[in-house]
Amino acid sequence: MTQDEWGELKQELLKSVGNNNFKTWIEPLDLSGIEEGVATLNVPTKYQGEYISQKFGDVILYHLGKRAPEIQRINFRVPGNSGARPQPKKKAPNQVDEAAAWMKNDGSVPGAPIDPRFTFETFVVGKPNELAHAAAKRVAEGGPVTFNPLFLYGGVGLGKTHLMHAIAWELKTRRPDLNVVYLSAEQFMYRFVQALRERRMMDFKQMFRSVDVLMVDDVQFIAGKDSTQEEFFHTFNALVDLNKQIIISGDRAPGEIQNLEERIKSRLQCGLVVDLHPTDYELRLGILQSKAETYRKQYPDLGMDDGILEFLAHRISTNVRVLEGALTRLYAFASLVGHKVTLELTQDCLADILRASERKITIEEIQRQVSDYYNIRLSDMIGPKRLRVYVRPRQVAMYLCKQMTSRSLPEIGRRFGRRDHTTVMHGVRKIEDLKVQDGQIAEDLELLRRTLES
Ligand code: ADP
Ligand code: MG
């Protein structure tokens, strides 16, 4: 493989791993050579080599294998460190650990690394995530399997991966006898493809079927990838038949994942499906307080003015990752300049984040405002009652959600007591008509819009 081809391959990796990962981990890699089926990559430090191998080994091998099928393994080397030179083993037929770096000698499946920060202790529970948290807790007890699979879904950065890792940690201590495997759907695919290429499907099947608890993160990734879906389906069924616990996450409800086979959707719906709702103010504040506590220990000299966390909880969007990033940056900045965190510093230092989160109106806010405005209870507006006093405000709220957020009709329907998207469409049209015919409705809409935008 030429250096040019290696350059192209890196560009493919950029698409798979995303910009940040690419810059930190993949960009610095150099291809040193390929010998006897082993590709040697130069890395700046041993730690980086280990991390990259754990986290991106599969995807790198996958792309290498597409171009050079003879490559069976990757070896990471720190240049100038002769001790780590590749030692290609003599090939012996049927030697299990040779061909595939991801297979352990004992035939078990190594999963992806588990982040030590993602535990139940560090997970802050609030209304939007209490069900998901309770379900995760139950599964983590490692008792008899009661619902299978557990399907967790929700938008980006709401804690799906955190909860899955927390389950893995808890099971590791409570039930060390169990073979617990966590991996992303993407990794599942890479391993599957690799097994196909190496004609090791029997091993692949056997290994996955020896798992006691299988967690597959971001299942939407396999949508549209037919043979991977097929294999996933078989693995899934085999484990369910053996009464082994399966936990799956996705970015939306099983029924709404496009290009996912019907039989898989219905299988995924068989167990317990719970969603993580977008965070509300209280949860955001709780998470900020808990993180700030950690920082307070780390930087005992750095004070923070009152009201800063409230300000952030109020102003930053629902994604917890963004929230955490903001706080991290704030403390880093304050510790650099060596003074207390003030509101002014916060606004300066987080100007870009605050701008990006401006005016992101949520379905929840709209529902609350509209029910306040019409003086009905939020639960009645979302609930099943068909009385006119509830129906009209409900339709107004649906209309505003369609107008003021980027949510799709099915998403909006879901947040209105799991109504169908056609119901939402009907409501939106109704209000569009009334807006023209009925001056009162037009005025209501105008007032509500102004309140929501303020
Ligand atoms: P997802 O997988 O749903 O995209 P993650 O689980 O990766 O989201 O969460 C994003 C970040 O937010 C992680 O750093 C995670 O620890 C944090 N986080 C999310 N929800 C919570 C919560 N309820 N309490 C504490 N931290 C949270
Ligand atoms: Mg995730």
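Every number for a ligand or one of its atoms is a count from 1 in the order of the listing.
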Colleague: Looking only at the aromatic ring of each residue, does the gap between the centers of F204 and F188 stay below 6.0 angstrom?
Modeller: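 Yes, ring centres under 6.0 Å apart.
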
Colleague: When you check the gap from the basic side-chain N to the acidic O, do K15 and E12 get nearer than 4.0 Å?
Modeller: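 Salt bridge absent between K15 and E12.
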
Colleague: Listing by chain and number, which residues have a heavy atom under 4.0 Å from ligand 1?
Modeller: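 If the criterion is a heavy atom under 4.0 Å, then ligand 1 touches F118, T122, F123, V124, N129, G155, V156, G157, L158, G159, K160, T161, H162, I287, K291, V320, R321, E324.
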
Colleague: When you look at NZ of K265, are more than 12 heavy atoms from neighbouring residues, nucleotides or ligands closer to it than 6.0 Å?
Modeller: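 Enclosed.
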
Colleague: Everything protein-side that's N, O or S and under 2.8 Å from the Mg ion (ligand 2): list it, residue and atom.
Modeller: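 Atoms qualifying: T161 OG1.
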
Colleague: Could D280 and R368 be called an ion pair, given the rule that one side-chain N must be under 4.0 Å from one carboxylate O?
Modeller: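 Not counted as a salt bridge, because no side-chain N and carboxylate O are separated by less than 4.0 Å.
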
Colleague: Start with the C-alpha gap between D217 and K160, add the side-chain angles, then the distance that decides, and say whether salt bridge (Lys or Arg N to Asp or Glu O under 4.0 Å) holds.
Modeller: CA-CA 8 Å; D217 206 350; K160 302 181 291 292; over 6 Å; no

Colleague: With a cut-off of 6.0 Å (strictly less than), are more than 12 heavy atoms of other residues, nucleotides or ligands near CD of Q298?
Modeller: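 Atom CD in Q298 is packed in, count exceeds 12.
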
Colleague: One thing to verify: whether E230 and R263 come together as a salt bridge, which I'm taking to mean a side-chain N less than 4.0 angstrom from a carboxylate O.
Modeller: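 Salt bridge flag = yes for E230 with R263.
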
Colleague: Below 30° counts as parallel, above 60° as perpendicular, anything between as tilted: where do the rings of F56 and Y51 land?
Modeller: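 Judged by the thresholds at 30° and 60°, the geometry between F56 and Y51 is perpendicular.
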
Colleague: Is a donor on one side and an acceptor on the other found under 3.5 Å between the side chain of T228 and the backbone of I222?
Modeller: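 The answer is no, because no donor-acceptor pair under 3.5 Å joins these two groups.
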
